[in-house]
Student: 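I am attaching a structure below and will ask some questions about it afterwards.
Just so you know, these numbers come straight off a predicted model, no measurement behind them.
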Amino acid sequence: MSTTRSGTLVVLDMAGTTVADGGLVERAFERAAERLGVEPGSPDHAAGLQYVRDTMGESKISVFRHLFGTEELAQQANAAFEEAYGALVDGGLVHEIPAARATVEALRAAGHTVVLTTGFARVTQDAILDALGWRDLAGLTLCPADAGGRGRPYPDMVLAAFLRTGAVDDVRRVVVAGDTAYDMLSGVRAGAGTVVGVLTGAHDRAALEAHGATHVLGSVAGLPGLLERSS
């Protein structure tokens, strides 16, 4: 006998999808890079910042491993980044994407299970949740460390949500939504039946569709309607 509930499992990204951070990732990167001796305005600084933009959605420690080469430097940069981002969050510089909270509540009321995911470390994810009063908004929250350490574009967080919630009996009943190409790839690689790009964050429609989006919405607020029409 199946113990799964009706509805789907909806795995939602945070920054750029449900949370507006006004470019805090770039600001925090600049602070971290400066701490490690990367001079603002230098070619290395510009190249690093561009790489951060291009890899939005990826686990931040993975980004720093690529940029700084050694594990020691990557860990130092990641710690500096998380510290800087947390300070900016504490300064009141994050907000919900319009109607994001109401969207999650509507999804849950319709019988869907919602999981919030991020490429940030747990301490940063918790700071965002606390700043928005979202600790109890979703059924589960996940960061890369909760899924073995690999973030997007690997499918691990999506599959961890599938395994830990037990909400559905088939990965094709998983919905993944996010604003980056890596969000789309993680959904495709996990076998999610619906992979939704939103246009409130880092990447445009062309990039989202090129990396596997089955649907592209103006914002996450359109997701309940999409799922209702698809049911």
Student: Output every pair passing side-chain hydrogen bond (donor to acceptor under 3.5 Å, both in side chains) with a member in residues 47-57, not counting sequence neighbours, ordered by first then second residue.
Tutor: Glu26-Arg53, Gln50-Asp54
Student: Under the rule for salt bridge (charged side-chain N to carboxylate O under 4.0 Å, His left out), what residues qualify as partners of Arg27, not counting sequence neighbours?
Tutor: none
Student: Rounded to the nearest 0.5 Å, what separation is found between the CG atom of Leu9 and the CG atom of Leu163?
Tutor: 10.0 Å
Student: With a 4.5 Å cut-off on side-chain heavy-atom distances among I, L, V, M, F, W and Y, is there a chain of contacts connecting Ile61 to Leu67?
Tutor: no
Student: Check salt bridge (charged side-chain N to carboxylate O under 4.0 Å, His left out) between Arg31 and all other residues, then give those that pass, not counting sequence neighbours.
Tutor: none
Student: Do Val114 and Ile97 share a hydrophobic cluster, counting only Ile, Leu, Val, Met, Phe, Trp and Tyr and linking them when any side-chain heavy atoms are less than 4.5 Å apart?
Tutor: no
Student: Determine, stepwise, if the pair Arg135 / Asp126 fulfils side chain to side chain contact (heavy atoms under 4.5 Å, CB included).
Tutor: CA-CA 8 Å; Arg135 278 284 189 167; Asp126 285 347; 3.4 Å; yes
Student: Do the side chains of Val168 and Val174 get nearer than 4.5 Å, heavy atoms only?
Tutor: yes
Student: Flag the pair Phe120 / Ile128 as yes when at least one side-chain heavy-atom distance between them is below 4.5 Å, and no otherwise.
Tutor: yes
Student: Would the distance check show the side chain of Thr8 and the main-chain N or O of Val10 forming a donor-acceptor pair, the cut-off being under 3.5 Å?
Tutor: no
Student: Tell me, please, which residues at least two apart from Asp170 pass salt bridge (charged side-chain N to carboxylate O under 4.0 Å, His left out).
Tutor: Arg172
Student: Okay, side chain of Thr17, backbone of Asp179: is any donor-acceptor separation there less than 3.5 Å?
Tutor: yes
Student: Kindly indicate whether the side chain of Thr117, heavy atoms from C-beta on, has any atom under 4.5 Å from the side chain of Thr141.
Tutor: no
Student: Rest of the hydrophobic cluster containing Val195 (Ile/Leu/Val/Met/Phe/Trp/Tyr, side-chain heavy atoms under 4.5 Å)?
Tutor: Met184, Val188, Leu199, Leu208, Val216
Student: Look at the side chain of Asp130 and the backbone N and O of Ala127, then say whether any donor-acceptor pair between them is shorter than 3.5 Å.
Tutor: no
Student: Which hydrophobic side chains are connected to Val123, either touching it within the sub-4.5 Å cutoff or through other members that do?
Tutor: none
Student: Quick one: are Leu107 and Leu223 in side-chain contact, heavy atoms under 4.5 Å?
Tutor: yes
Student: So, do Thr18 and Glu96 sit near enough that their side-chain heavy atoms are less than 4.5 Å apart?
Tutor: no
Student: In Å, rounded to the nearest 0.5 Å, how long is the span from CD of Gln75 to OG1 of Thr70?
Tutor: 9.5 Å
Student: Minimum heavy-atom separation for Thr103 and Val220, please, with both atom names.
Tutor: CG2-O, 3.4 Å
Student: Provide the closest heavy-atom pair for Leu116 versus Gln125 in the form atom of the first, atom of the second, distance.
Tutor: O-NE2, 3.6 Å
Student: Using side-chain heavy atoms (C-beta onward) and a distance below 4.5 Å, is Asp21 in contact with Leu93?
Tutor: no
Student: Thr194 versus Val176: any side-chain heavy-atom pair under 4.5 Å?
Tutor: no
Student: Do Leu132 and Val19 have side chains that get closer than 4.5 Å, going by heavy atoms?
Tutor: yes
Student: Look up atom CG in Leu129 and atom CG in Asp136, then write down how far apart they are to the nearest 0.5 Å.
Tutor: 10.0 Å
Student: Any chance you could measure Met157, atom CE, to Cys143, atom SG, to the nearest 0.5 Å?
Tutor: 8.0 Å
Student: By the rule that ILVMFWY residues connect when side-chain heavy atoms come within less than 4.5 angstrom, directly or transitively, which residues belong alongside Tyr154?
Tutor: none
Student: For the residue pair Thr200 and Ser219, what are the closest heavy atoms and their distance?
Tutor: CG2-CB, 3.6 Å
Student: List the steps and the verdict of side chain to side chain contact (heavy atoms under 4.5 Å, CB included) for Thr214 and Glu209.
Tutor: CA-CA 7 Å; Thr214 60; Glu209 290 180 340; over 6 Å; no
Student: Under the ring pair (Phe, Tyr, Trp, His ring centres under 6.0 Å) rule, collect the residues that match up with Phe29, sequence neighbours excluded.
Tutor: none
Student: Under 4.5 Å between side-chain heavy atoms, counting indirect links through other Ile/Leu/Val/Met/Phe/Trp/Tyr residues: same cluster for Tyr182 and Val25 or not?
Tutor: no
Student: Suppose we screen for salt bridge (charged side-chain N to carboxylate O under 4.0 Å, His left out). Which residues come up paired with Arg189, at least two apart in sequence or across chains?
Tutor: none
Student: Output every pair passing salt bridge (charged side-chain N to carboxylate O under 4.0 Å, His left out) with a member in residues 97-120, not counting sequence neighbours, ordered by first then second residue.
Tutor: Arg101-Glu105
Student: Can you measure from CG (Leu88) to CG (Asp90) and round to the nearest 0.5 angstrom?
Tutor: 9.0 Å
Student: Using ring pair (Phe, Tyr, Trp, His ring centres under 6.0 Å) as the criterion, list what pairs up with His45, not counting sequence neighbours.
Tutor: none
Student: What are the two closest non-hydrogen atoms of Trp134 and Ala100, and how far apart are they?
Tutor: CH2-CB, 4.0 Å
Student: How many angstroms lie between CG in Asn78 and OH in Tyr85, if you round to the nearest 0.5 Å?
Tutor: 13.5 Å
Student: Donor-acceptor pair, Arg173 side chain versus Gly7 backbone, under 3.5 Å?
Tutor: yes
Student: Applying ring-ring contact (aromatic ring centres under 6.0 Å, His included), which residue pairs with at least one partner in residues 201-231 are found, sequence neighbours left out?
Tutor: none
Student: Evaluate the criterion side chain to side chain contact (heavy atoms under 4.5 Å, CB included) for residue pair Thr113 and Phe162; output intermediate values, then yes/no.
Tutor: CA-CA 10 Å; Thr113 299; Phe162 173 75; over 6 Å; no
Student: Would you name the heavy atoms of Ala32 and Phe81 that are closest together and state the gap between them?
Tutor: CB-N, 3.6 Å
Student: Under a 4.5 Å side-chain heavy-atom rule over Ile, Leu, Val, Met, Phe, Trp and Tyr, are Leu185 and Val52 clustered together?
Tutor: no
Student: When you compare the side chains of Asp183 and Thr180, does any donor N or O come within less than 3.5 Å of an acceptor on the partner?
Tutor: yes
Student: What pair of heavy atoms forms the shortest contact from Ala207 to Ala181, and how long is it?
Tutor: O-CB, 4.4 Å
